[in-house]
There are 2 protein chains.
Amino acid sequence: MPRTADRQHTGRQRNEEARRAILDAAVHQFAERPAAEVTVATIAAEAGVGRQTIYRWWPTKFAILLEAMTELGRAVVAVPDSGSLAADLEAFVTATFSAVKEPTISLLRVVMGEAQRDPQVHRLMVEFTGRRRAVLREVLERAEARGEPLGPGGADLLVDQVFGVLWYRILLGNGPLTPSAARELAEALLAQTRALPWPASERTPRPGKC
Amino acid sequence: MPRTADRQHTGRQRNEEARRAILDAAVHQFAERPAAEVTVATIAAEAGVGRQTIYRWWPTKFAILLEAMTELGRAVVAVPDSGSLAADLEAFVTATFSAVKEPTISLLRVVMGEAQRDPQVHRLMVEFTGRRRAVLREVLERAEARGEPLGPGGADLLVDQVFGVLWYRILLGNGPLTPSAARELAEALLAQTRALPWPASERTPRPGKC
DNA sequence: AATTTGTCGAGACTTGATGTCTCGATAAAT
DNA sequence: ATTTATCGAGACATCAAGTCTCGACAAATT
């Protein structure tokens with residue numbers, strides 16, 4: 001009863017060029033057209049591959065998109081660690097906001113929309129967003145370990161506030177996603193962590209910035 | 001060239017029982033099953049009507065759901081006005097959170113998901129959420145007019161923080177929507193408003209601010 | 001009462017996307 | 001040289017959306 005790890009992979013190996021072409025075609029089409037007009041057939045045609053080559057590796061067209069977005073997301077994975085919560089939080093929020101623009105924002109909307117339709121895509125989406133959540137959580141918990149307070153809700157609430165505002169603006173388009181909007185959010189959340197439980201006659205001065 | 005208003009409706013009239021049965025069946029199915037498993041055929045079967053009866057009155061199954069939710073949404077929540085931002089904000093957030101539970105939460109997820117796919121549904125969704133935004137904005141601006149500060153981001157950011165956290169948790173299910181979670185969020189946002197803005201000299205003061 | 005008009009439930013039908021299966025060709029490990 | 005798994009390609013079944021038609025039925029009109 002040989003386990004799969006007992007022998008090497010034999011036979012023809014996976015074509016990396018085809019994989020890249022499929023990912024690129026999916027990103028291109030989901031960014032340009034309404035999601036309803038993107039089909040496995042159109043992606044296969046643009047990538048110059050057979051449909052079966054797609055079905056062999058991805059269960060749905062949205063799984064292709066999620067894999068592509070995961071690769072694109074590796075660029076912003078850097079964890080800020082300057083020793084100060086103020087600087088780290090602003091760096092994280094600014095970097096995250098600046099990464100969310102066309103064409104990425106269209107892709108995010110498509111995937112989040114589909115996640116509400118398909119439980120499997122929803123699970124993939126929880127995992128996808130969880131990676132960014134983990135980065136922010138690390139920043140917050142490191143600050144807490146240093147002795148910096150996180151305010152009434154702790155790290156859990158702060159994480160949901162950052163990504164809540166971000167996703168809310170992505171999905172409904174009601175508010176800005178500019179760098180200044182990012183700074184504004186970071187500043188507001190920092191104020192939240194620093195505020196005293198009652199109107200303060202004295203406040204702690206902000207470290208390192210004015 | 002007779003206008004439509006020139007004569008009365010002749011012929012058999014629309015069956016109100018069928019309309020109600022269709023709306024109820026749509027709500028029931030969208031609340032119970034994944035949206036992908038809900039079809040016009042299943043709604044028609046549960047309602048005991050022909051498919052053509054549905055297509056005659058609604059363009060898509062989501063139009064049925066939107067009409068049903070519009071009827072459900074007629075319960076207008078009163079605008080809290082106690083004279084204190086702390087009490088009003090907690091009342092609003094608690095009431096809003098407590099209204100978002102099964103089966104409503106499933107319907108909200110379905111409609112928000114479809115809004116990312118259909119621009120027309122998206123517009124309706126912006127309008128739908130805008131009504132609740134307006135209530136919170138009124139609470140915040142009244143507090144500001146009283147002289148209570150709203151913190152670095154002002155009313156715009158606070159509104160997005162409340163509904164951002166709410167929708168983020170609805171869509172991804174990562175955090176709680178309990179009454180205690182609502183109180184926690186309200187408390188955190190209040191802490192944020194109590195922080196003093198330090199570069200106050202560079203800022204144009206808002207009217208009514210201390 | 002008879003006629004006209006529009007809705008009713010039901011089913012046949014077209015269209016298009018999904019997903020499976022098979023085929024011969026090809027490339028890598030044995 | 002053989003084995004094994006991928007490749008592009010196409011046939012095929014399945015399913016939901018949407019259109020069209022049918023006889024039955026109900027309300028307004030004549």
Side-chain angles (χ1 to χ4, degrees), chain A residues 2-26 29-30 33-67 110 113-114 117-121 124, chain B residues 2-26 29-30 33-67 110 113-114 117-118 120-121:
Chain A
R3 291 169 302 171
T4 52
D6 279 354
R7 64 157 173 79
Q8 298 258 0
H9 173 91
T10 60
R12 182 174 180 172
Q13 286 184 330
R14 180 171 185 182
N15 186 349
E16 180 61 25
E17 288 181 12
R19 177 177 165 276
R20 267 261 61 89
I22 292 167
L23 293 182
D24 292 344
Q29 295 198 8
F30 275 115
R33 313 182 192 184
E37 294 180 12
V38 179
T39 72
V40 175
T42 61
I43 295 174
E46 179 175 329
V49 303
R51 288 191 309 124
Q52 183 59 30
T53 302
I54 292 182
Y55 282 116
R56 194 189 329 272
W57 299 106
W58 295 278
T60 70
K61 58 190 174 188
F62 302 101
I64 310 173
L65 187 53
L66 271 171
E67 183 171 326
V110 167
E114 182 63 18
R117 240 175 152 247
D118 182 340
Q120 188 171 353
V121 175
L124 292 172
Chain B
R3 291 170 301 170
T4 53
D6 279 352
R7 62 161 173 75
Q8 298 257 2
H9 174 90
T10 61
R12 184 175 179 172
Q13 286 183 329
R14 181 171 184 182
N15 186 348
E16 180 61 24
E17 288 182 12
R19 177 177 166 276
R20 266 260 62 87
I22 292 168
L23 293 181
D24 292 346
Q29 294 199 7
F30 276 116
R33 314 182 191 183
E37 293 180 14
V38 179
T39 71
V40 175
T42 61
I43 295 174
E46 180 175 329
V49 304
R51 289 191 308 125
Q52 184 57 33
T53 303
I54 292 183
Y55 281 116
R56 184 174 295 115
W57 300 106
W58 294 277
T60 70
K61 57 192 174 187
F62 302 103
I64 310 172
L65 186 54
L66 274 171
E67 183 171 327
V110 169
E114 184 62 17
R117 162 183 284 241
D118 184 339
Q120 189 171 354
V121 175

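We name chains A, B, ... by the order of the sequence lines, and we start the count at 1 in each one. What you see is a predicted model; the values in this text were computed from it and never measured. The basis for the numbers below is simple: all heavy atoms, side chains too, and nothing from hydrogens, waters or symmetry mates.
Across the interface with DNA chain D, nearest-nucleotide mapping of B:Pro59 and B:Arg56 shows B:Pro59 to be the residue nearer the 5′ end. Nucleotides of DNA chain D nearest to B:Val38 and B:Gln13 differ in position, and the one nearer the 5' end is that of B:Val38. The residue among B:Gly48 and B:Gly11 whose nearest nucleotide of DNA chain C lies closer to the 5′ end is B:Gly11.
When distances run from any side-chain atom of B:Tyr55 to the nucleotides C:dC8, D:dT19, D:dC7, the shortest one goes to D:dT19.
Atom CD of B:Glu16 and atom C1' of C:dT7 are 14 Å apart (whole Å). Across the protein-nucleic acid pair, A:Ile43 atom CD1 and C:dA17 atom P stand 12 Å apart, rounded to whole Å. At whole-Å resolution of the value, CD in B:Gln29 and P in D:dA16 are 12 Å apart. With rounding to whole Å, A:Ile54 atom CD1 is found 14 Å from C:dA17 atom P. Note: NZ (B:Lys61) to C1' (D:dC15) measures 12 Å, nearest angstrom. Distance CD (B:Glu37) to P (D:dA16): 10 Å, rounded to an integer number of Å. Atom CZ in A:Arg12 sits about 8 Å away from atom C1' in C:dA25, given to the nearest Å. For B:Arg19 and C:dG9, the CZ to P distance is 14 Å, given to the nearest whole Å.
Across all strands shown, A:Trp57 has heavy atoms under 4.0 Å from sugar-phosphate atoms exclusively, and none from any base.
The existence of a salt bridge linking A:Arg19 and A:Glu16 is confirmed by a sub-4.0 Å separation between a basic side-chain nitrogen and an acidic carboxylate oxygen. Between A:Lys61 and A:Glu114, none of the side-chain N atoms (NZ, or NE/NH1/NH2) sits under 4.0 Å from a carboxylate O, so this pair counts as no salt bridge.
Using a 4.5 Å heavy-atom threshold, the side chains of B:Leu23 and B:Trp58 count as touching.
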Exercise for the section: List the steps, then state whether side-chain contact (heavy atoms from CB on, under 4.5 Å) holds for A:Gln29 with A:Glu37. Expected result: CA-CA 9 Å; A:Gln29 295 198 8; A:Glu37 294 180 12; over 6 Å; no

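Taking 4.0 angstrom as the limit, B:Thr53 places a side-chain polar atom (N or O) nearer than this to OP1 or OP2 of C:dG9.
Side-chain N/O atoms of A:Arg51 and base N/O atoms of D:dG8 include no donor-acceptor pair closer than 3.5 Å. Below the 3.5 angstrom threshold, one finds a donor paired with an acceptor across the side chain of B:Gln52 and the base of D:dC20.
With B:Leu65 as the fixed residue, the side chain to side chain contact (heavy atoms under 4.5 Å, CB included) test singles out one of B:Val121, B:Ile43, B:Val110: B:Val110.
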